[in-house]
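I have placed the structure first, in the form of C-alpha cells, so that the comments after it can refer back to it.
In what follows, residues are counted from 1 in the order of the sequence shown.
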Amino acid sequence: MRAPAAAFALPGPPAEPAPFGRGHINATYRVEAGGQAFLLQRINPDVFPDPEGLMANLERVTEYLRGRLVAEGFADPHRRGLTLVPTREGRTWVRDEGGALWRCLVFIEGTCSLPKAESATQAETAAFAFGNFLRRLEDLPAPPLGETIPHFHDGRRRLEDLHRALASDAFNRAREARIEIDALLQDADQAALLQDLREHGALPLRPTHQDTKLDNVLLDERTGEALCVVDLDTVMPGLALGDFADLARSACSAAAEDDTHPRVQVELFAALVRGFDRGLGAGFTPLERELLVPATQSFARVLALRFLTDHLEGDRYFRIHRPGQNLERARAQLALLRALRAAEGELTRAAR
Ligand code: GN1
Ligand code: MG
C-alpha cells in the first residue's frame, strides 16, 4: 500500500496506510506523512468502468466548489470541500500494477460521519448540506459531467438485472431468497419511478451527488455543523428528487442501514425535507414535493434490488464482511420499504 502513496507529492515519507471508513465500494486508507493525514483510495474498477473519466469529473467538481466556497466568503474552504493531492508528475491519480487507479485526498481533521441520524437537528443539518451541494453545483459550466456509472439509478434496469441473475442463479442462492425475490417482484414497476420521470423530462437534469447516504456528510466533531459532502464518485447529471430520496431512505429511520428493524420517524423525515428544501435555495418544485414519499420508497426498493442481485451473483459489487450480508442488506431495505408504506399518510403530511 505504501507504493501508491509514494507516488503522491506528500510533505514527507508516508507511514503504513490504515483501513478507514465504512464504504462498500472503494478501498480507503488513512495515511500520515510529514505530520499531516491523507486519504488514499483505490477506485474499484469493477464498479467504475471509466476511472479516468471519474477523476476528470472529480477535478472539475472539487475545483469549482472551491471557487464557490471562496466566493461565499468561507475562510476554511479546505475543510468544506475535498482537496486532491497531485502526484509528483502532476496528475491526480496513479495506476497500480493491476491497472486500478489510486488517488489521494487531504484528510479533513476534527470531523465525523454518522451511520444514522441521532436527532431531527442532525438530519436537517445533513439534508441542508446535500441540498446546498446541489445549489452550489447548479451553474457548473458546460459540458455536462460524464456518467461515471451509466444507468446508475435506472430502476427498470435494476429489475432486469435481477431477472438475469435469477435466470442463471449461478451460486444456487435463489431458493433461500424466495421471500425477498417475491417481495421485489410485487409492484415491481415502482422501481422505475425516477427513471420514468427522467425519461419524460418532467424534472430537470442537473449535477447531482447520487450517493447521498447520511454518512457521506462530514460533521464538525465539536459543533455538529455539516462541513463537507464527500464521496463524489457518482456526481453526474441526475434529479434533485433522487438525491433527496436516497438521503431520506438512509436517514429517516433511527436504525442503521443494515438493521432489519427500521424505525421510520416522521420527525426525522420532516427534518430532512426542511433541510434539503432550504439547502436547494430555490426549494422543491410542487411536483418534486408531491413525489418526496414515493421517490423515497422507490429508492429503498431499488437498493434492495441491487443488494439482492449482488447476493445472487456472488457478491461482486458490494463488499461484504460475512457470508449472506448482501441478502441481509436486501432484507433491511425491504423492511424499510414496508415501514415507509405503513407510515405513508403521516410522511405525506410531513412533506407538505
Ligand atoms: C454504496 O460507497 P458507499 O458505501 O457510500 C453505493 C450506493 C448505495 C450504498 C448503500 C457507487 O455507497 O449507491 O446506496 O452503497 N455506491 C455505489 O450503502 O454503488
Ligand atoms: Mg460512502
Side-chain angles (χ1 to χ4, degrees), residues 19-25 28 112-127 130 153 155 158 162 173 176-184 186 190-191 211-219 224 230-231 243-273 275-276 292-312 315 317-344 346-347 350:
F20 184 86
R22 284 183 292 264
H24 297 336
I25 307 288
T28 303
C112 61
S113 73
L114 306 166
K116 59 185 181 193
E118 286 150 7
S119 68
T121 310
Q122 255 176 10
E124 183 166 350
T125 305
F130 279 121
H153 287 315
R158 299 297 191 180
L162 175 64
R173 291 179 174 178
E176 57 160 359
R178 204 63 249 175
I179 294 173
E180 290 71 31
I181 294 165
D182 289 345
L184 284 168
Q186 227 186 331
Q190 289 175 2
D211 186 3
T212 46
K213 252 194 334 199
L214 182 69
D215 70 0
N216 281 334
V217 182
L218 301 185
L219 306 177
V230 300
D231 205 346
D243 273 9
F244 171 80
D246 205 4
L247 170 66
R249 67 120 205 111
S250 83
C252 70
S253 162
E257 188 178 63
D258 54 358
D259 189 329
T260 48
H261 296 92
R263 281 173 287 136
V264 169
Q265 297 194 353
V266 179
E267 341 48 286
L268 288 181
F269 188 80
L272 293 166
V273 174
F276 204 96
L292 296 179
V293 178
T296 304
Q297 293 170 338
S298 183
F299 254 76
R301 173 183 283 276
V302 173
L303 188 55
L305 276 171
R306 295 173 61 199
F307 283 143
L308 186 61
T309 303
D310 197 34
H311 174 69
L312 296 174
D315 308 300
Y317 189 101
F318 295 105
R319 185 168 33 246
I320 54 169
H321 305 287
R322 53 179 185 277
Q325 194 172 7
N326 279 320
L327 178 57
E328 283 165 32
R329 288 169 175 157
R331 281 189 186 133
Q333 288 305 304
L334 277 166
L336 175 65
L337 176 56
R338 282 193 296 277
L340 285 166
R341 282 187 173 152
E344 193 169 291
E346 284 175 280
L347 295 175

[X] to [Y] - nearest heavy-atom pair and separation:
X	Y	result
A126	L214	CB-CD1, 3.5 Å
S250	K213	OG-CA, 3.5 Å
L184	L334	CD2-CD2, 3.8 Å
A255	P262	CB-CA, 4.0 Å
G155	V302	CA-CG2, 3.9 Å
A271	A120	CB-O, 3.3 Å

Under the ring-ring contact (aromatic ring centres under 6.0 Å, His included) test, residues paired with F276 that sit two or more places apart: F244, F284
Residues forming a ring-ring contact (aromatic ring centres under 6.0 Å, His included) with F318, sequence neighbours excluded: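 Testing F318 for ring-ring contact (aromatic ring centres under 6.0 Å, His included), a comparison that skips the adjacent residues, returns F307.
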Qualifying salt bridge (charged side-chain N to carboxylate O under 4.0 Å, His left out) pairs, either residue in residues 248-257, two or more places apart: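 Of all non-adjacent pairs touching residues 248-257, those that pass salt bridge (charged side-chain N to carboxylate O under 4.0 Å, His left out) are D246-R249, R249-E257.
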Listed once per pair and sorted, the salt bridge (charged side-chain N to carboxylate O under 4.0 Å, His left out) pairs that draw on residues 327-340, sequence neighbours left out: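 Applying salt bridge (charged side-chain N to carboxylate O under 4.0 Å, His left out) to every pair that reaches into residues 327-340, excluding sequence neighbours, yields E180-R331, R322-E328.
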Worked check of side chain to side chain contact (heavy atoms under 4.5 Å, CB included) between L347 and V266: CA-CA 6 Å; L347 295 175; V266 179; 4.2 Å; yes
Gap between atom [atom2] of [Y] and atom [atom1] of [X] - 0.5 Å precision:
X	Y	atom1	atom2	answer
L114	L219	CG	CG	5.0 Å
Q190	R341	CD	CZ	5.0 Å
D231	I25	CG	CD1	8.5 Å
D258	H24	CG	NE2	7.5 Å
L272	E267	CG	CD	11.0 Å
L162	I181	CG	CD1	6.5 Å

Step-by-step side chain to side chain contact (heavy atoms under 4.5 Å, CB included) determination, V264 to L340: CA-CA 7 Å; V264 169; L340 285 166; 4.2 Å; yes
Side chain to side chain contact (heavy atoms under 4.5 Å, CB included) assessment of N326 paired with L308: CA-CA 6 Å; N326 279 320; L308 186 61; over 6 Å; no
Using modelled atom types and a 3.5 Å cut-off, is there a donor and acceptor pairing between side-chain atoms of [X] and backbone atoms of [Y]?
X	Y	answer
S253	R263	yes
S298	P294	no
T212	L247	yes

Any residue meeting salt bridge (Lys or Arg N to Asp or Glu O under 4.0 Å) with R306, in chain and number order, not counting sequence neighbours: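 In terms of salt bridge (Lys or Arg N to Asp or Glu O under 4.0 Å), with neighbours along the sequence ignored, R306 is linked to no residue.
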Contacts of D315 that satisfy salt bridge (Lys or Arg N to Asp or Glu O under 4.0 Å) - sequence neighbours left out: R173
Close side-chain approach of Y317 to D310, heavy-atom, < 4.5 Å: yes
Derivation of the side chain to side chain contact (heavy atoms under 4.5 Å, CB included) call for F269 and V273: CA-CA 6 Å; F269 188 80; V273 174; 3.8 Å; yes
